[in-house]
Amino acid sequence: MVPAWLWLLCLSVPQAFPEAQDAELSVEVPENYRGNFPLYLLKLPLPHEKAEGQIVLSGDTGMAAEGPFAVDPDSGFLVVTSALDREEQAEYKLQVTLETGDGYVLWGPQLVIVHVKDENDHVPQFSQAIFTAQLSQGTRPGIPFLFLEASDGDAPGTANSDLRFHILSQSPAQPSSDMFQLEPRLGALALSLEGSTSLDHALEGPYQLLVQVKDMGDHASGHQATATIEVSIVQNTWVPLEPIHLAENLKVPYPHPIAQVHWSGGNVHYHLESQPPGPFDVDAEGKLYVTMELDREAQAEYLLQVRAQNSHDEDYTEPLEFHVVVMDENDNAPVCPPSGPLISIPELSPPGTEVTQLLAEDADAPGSPNSHIVYQLLSPQPKEGAEGRAFELDPTSGSVTVGTAPLQAGQDILLQVLAIDLAGAEEGLRSMCEVAIMITDVNNHAPEFTTSQIGPVSLPEDVEPGTLVATLMATDADLEPAFRLMEFAIEGGDKEGIFALDWEPDSGHVQLRLHKNLSYEAVPHHKVVVVVRNVEELVGPGPGPEATATVTVLVERVMPPPKLDQESYEASIPISTPAGSLLLTIQALDPMNRTLRFSLVNDSEGWLCIEEDSGKVRTAQSLQGAQPGDTYTVLVEAQDTDEPRLSASATLVVHFLKAPPAPALTLAPMPARYLCTPRQDYGVVVSGLSEDPDLASVPSPYSFALGPNPTVQRDWRLQPLNGSHAYLTLALHWVEPGEHEVPVVVSHNAQTWQLLVQVIVCRCNVEGECMRKVGRMKGMPTKLVAMGTLLGTLAAIGFFLILIFTHLALARKKDLDQPADSMPLKVAV
Ligand SMILES: *[C@@H]1O[C@H](CO)[C@@H](O)[C@H](O)[C@H]1NC(C)=O
Ligand SMILES: *[C@@H]1O[C@H](CO)[C@@H](O)[C@H](O)[C@H]1NC(C)=O
Ligand SMILES: *[C@@H]1O[C@H](CO)[C@@H](O)[C@H](O)[C@H]1NC(C)=O
Ligand SMILES: *[C@@H]1O[C@H](CO)[C@@H](O)[C@H](O)[C@H]1NC(C)=O
C-alpha cells in the first residue's frame with residue numbers, strides 16, 4: 001500500500017505550473033484503498049486571492065454531485081473521502097471553479113480526471129460449469145470444435161483479466177491421454193494430431209475433460225476456476241455427393257432444394273462456393289438450394305464446394321465437391337450467320353459449283369438433337385416447267401451449289417433458307433436465313449450484226465475516198481459494258497484496201513468508207529466481208545455466222561466521151577474511084593474496151609458510106625459531079641453503143657483528084673473482071689505480056705494453061721487467043737458467085753510463071769449482066785447485045801470473035817478512060 005504522503009509528493013508536481021490552469025488535470029486513485037480518509041489527491045492550482053470566493057466542485061454530467069470527492073478549502077487539495085471500486089466506476093470527471101456568492105466565476109473551471117487503478121480483486125469465471133460438444137470423426141486436428149467462455153471482472157487489457165485455459169485431465173485417457181489440445185488464450189478446444197488419427201480408426205468416447213481458467217496471464221500466480229467438458233464422438237456423415245443434373249429453365253418455386261449435406265459434429269455452419277459463381281445457396285441445416293432458373297447456354301456446369309466450418313470459419317474437414325450439370329432444353333432457335341458481302345457467281349457456272357456454305361448456329365447443347373440443324377431451301381422455287389432449280393442446298397451441310405437451271409447475268413437472287421433444329425422435326429425451332437447472290441456476266445455472247453447482207457450499194461466510179469458506203473450495226477447480248485466493246489475488221493473482198501472501217505470504240509455502229517478510188521475497169525463489183533469481234537476474250541463457243549456481214553458494192557461505170565484517133569481526117573481520091581472503094585478507117589483513140597457506132601452526119605451528096613462497127617469509109621457510088629481539085633467535107637460521128645449520149649465527131653475532108661492514067665498491060669496484079677453466072681457467052685482475056693521491053697520484043701509465042709487444081713480445071717476453061725493473049729471462060733454452067741482467083745500458068749521463052757487472074761462471078765440479071773446495086777456496070781454487055789450474042793453463038797464463034805476482038809481493041813485505044821479488061825465481047829451478027 002502506497003503511503004499517503006508519497007501520493008502527496010507525487011501529486012504536488014502540477015503545483016509548480018500554476019499558469020497551466022486551463023490544462024486538464026488527472027490523478028489516479030488505487031481501487032479498494034484501505035488507508036485513512038480523506039485521501040489527499042491533488043493540490044489545485046487556485047489563485048492566492050481565493051479568500052474572496054468560494055470553491056465549487058461538481059461532477060461531470062451524470063454524477064449528481066461531487067460524490068466521494070471534496071476540496072479542502074484551506075489547503076486547496078482535492079480529496080477522496082471513501083474507497084473506490086473500479087468495477088463500479090473506473091473514471092471520474094470533476095470540475096473545480098472559484099465563484100463569488102452570487103455565482104460569478106472568478107477562476108476555472110478546472111477539469112480534473114480521476115482514474116481508478118485496478119486491483120486483481122475478481123476471480124475468472126467459466127460461462128458454464130459443464131460444456132458439451134459433439135465431435136465428428138474426420139475433424140482435422142487443430143480445428144477448434146468448442147470455444148470455452150470465461151470472464152474476469154478486472155480491468156480489461158490488464159494482467160488482472162488476462163486469462164489462460166488449460167486441460168487439467170482427460171477421461172478416459174484412451175487411446176491416448178492427449179486426445180485434445182486447448183488453445184490457452186482463446187480456449188479453443190481441438191483434436192490433437194494424435195487424437196485425430198486414433199479417432200479415425202475407431203469410434204471412441206465419450207470423453208470428459210476437466211479444464212481450468214486462470215488470470216494474470218502466464219504468471220504462475222492468479223485466480224483460477226475449473227469446468228467440465230463432455231465430448232461425445234459421432235460418426236462422420238460428410239460423404240461425397242453424386243453430380244446433380246438440373247434442367248434449365250425449370251419452372252418451380254425458388255429457392256429450390258437440390259441436395260442435402262450434413263456435418264455430424266456440433267457447432268457447425270455451412271459455407272457454399274460455386275465455381276463459376278452461380279445461384280446456389282446452403283442453409284444452416286446443410287440443405288442446398290438453387291435460387292433461380294438456370295440457363296445452360298450461359299453456364300452448362302458448376303462445381304460446388306460445401307464447407308463445414310466452426311464459428312471461426314475454419315474448415316473442420318475437406319470441403320465436399322460436386323458438379324451441377326445443367327440439362328439442355330431446346331430453348332434456342334438456330335441463328336443465321338451474319339449476312340456477309342454479296343456473293344458473286346459468274347453465269348454459266350457449271351452445276352455443282354460451290355456458292356457458299358450456310359452455317360447456322362444453335363446455342364443448345366452441341367451434339368444433341370436440340371442443336372442438330374437441318375436446312376430447307378424455300379426460295380427461289382424451281383420455275384414452272386423448268387428442269388431443275390437454280391440453286392441446290394444440301395440439307396445437312398448447308399452447302400449451296402449451282403443447280404441445273406440456267407443463271408441469268410445481272411440477276412440478284414435472294415436465297416431463303418429455313419434452318420430447323422431437332423433435325424428438322426415438326427416441333428423444331430426454325431430461323432429464316434437469307435443469302436444474297438449476284439449473277440455476274442461473262443463474255444459469252446459474241447457481237448452480231450443486225451443485218452448480214454447489205455446492198456447492193458451502187459457507187460459511181462468517181463466518188464471521192466472517204467465517202468460513206470454503208471453503216472453496219474451490231475449488237476452484243478452481254479451486260480457488262482466491257483464485254484460489249486467490239487472491234488471490226490474487213491476480212492475479205494478487199495485485197496486492194498479500197499475500203500476502210502471507221503467506228504467509235506463504244507458503239508455498235510461501224511461505217512464502211514471508201515479509202516481509195518474505185519475502178520469499174522479493175523473491179524466492177526465488190527463483196528466486202530466485215531467481221532465483228534469482242535475486244536475482250538470471248539468465253540464459250542466462238543462467234544457464229546452472224547458475226548459476219550457482207551456489203552455488196554456495185555461500181556457504176558463513169559465513161560469519158562470516146563475520142564477519135566485524129567481530130568480531122570483527110571483522103572485524096574481520083575474522081576474515077578469506083579463505088580465501094582475504101583478511103584480510110586476511123587478509129588477510136590480510147591484504150592478502153594468500148595464499142596462505137598460510126599455514122600456520117602452530113603453526107604449530103606451520098607458519095608460516102610461508113611461501116612457502123614468498123615469505121616471504114618468507102619465510096620458509096622461513082623463520084624458523079626465531083627470535079628478534080630474539089631474538096632468534100634463531111635462530119636463523122638462516133639457514138640458509144642452502151643452510152644449513146646457519149647459521142648465524138650471529126651471532119652473528114654476528101655480531096656478529089658484527076659483520074660489516074662490507064663495502067664499498062666501488066667502481068668500482075670491483074671485487075672478484076674466480071675463474069676455472071678449462069679454462064680454467058682463471054683469470057684476474060686488473059687494477057688501474058690510483060691512490061692519488060694526485052695522480054696516483049698522477042699517474037700515468040702506465049703503458052704497458057706490452067707493451074708493444076710482440079711476444081712479450077714473443072715470450073716474454068718482457057719483458050720489461047722493469039723501469041724500473047726488467051727481467053728478465060730466458065731467451064732461449068734453455074735459457078736458460085738464471088739471473088740475467084742484462077743491460077744494460070746504462062747510459059748514464054750523457056751520461062752514459066754503463074755498468074756492469079758481475079759474474076760468476080762456474079763449472079764446474072766435479065767440482061768445477062770452482073771447485078772449491081774448502084775447503077776449499071778460500065779462496059780458490061782446490054783440485054784440486046786447479050787441477045788445478039790446468044791444468036792451469034794450458033795455461028796462460028798471462034799473466027800468472028802477474033803476479028804471483032806481485034807477491031808475493038810483498036811477502037812479501045814481511043815478511049816483511055818475505059819478499063820481495058822472489063823470490055824465485053826461484042827458480037828456482030
Ligand atoms: C482518184 O481520182 C481522182 C479524180 O477522180 C484523181 O484526181 C486521183 O489522182 C485519183 N487517185 C488515185 C490514187 O488514183
Ligand atoms: C473487150 O470486151 C470483149 C467482150 O466484152 C472482150 O472479148 C475483149 O477481149 C475485150 N478487149 C479488151 C481490149 O479488153
Ligand atoms: C458538114 O459539116 C461540116 C461541119 O459542120 C462542114 O464543114 C461541112 O461543110 C458540111 N458538109 C456538107 C456537105 O454540108
Ligand atoms: C492478040 O490479041 C490481042 C487482043 O485482041 C491484041 O491486043 C493483040 O495485038 C494481038 N497480038 C497479035 C500479035 O496479033
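Given the structure is predicted, the values throughout are model-derived calculations rather than measurements. All residue numbers in this chain count up from 1 along the given sequence. Counting convention: from 1, in listed order, for ligands and their atoms alike.
SG atoms of Cys676 and Cys762 are separated by 2.5 angstrom or more, inconsistent with a disulfide link.
Between Asn517 and ligand 1, an N or O atom pair is found at a separation short of 3.5 Å.
Within a 6.0 Å radius of CD in Gln713, more than 12 heavy atoms belonging to other residues, nucleotides or ligands are found.
Every residue two or more places apart in sequence or in another chain that forms a salt bridge (charged side-chain N to carboxylate O under 4.0 Å, His left out) with Glu643 is listed here: Arg645. With sequence neighbours excluded, the residues that form a salt bridge (charged side-chain N to carboxylate O under 4.0 Å, His left out) with Arg513 are Asp502. Residues forming a salt bridge (charged side-chain N to carboxylate O under 4.0 Å, His left out) with Arg714 (at least two apart in sequence, or on another chain): none.
Within 4.0 Å of ligand 3, counting heavy atoms only, the contacting residues are Asn602, Ser604, Tyr632, Thr633.
Using a cutoff of 4.0 Å between basic side-chain nitrogens and carboxylate oxygens, Arg597 and Glu637 are not scored as salt-bridged.
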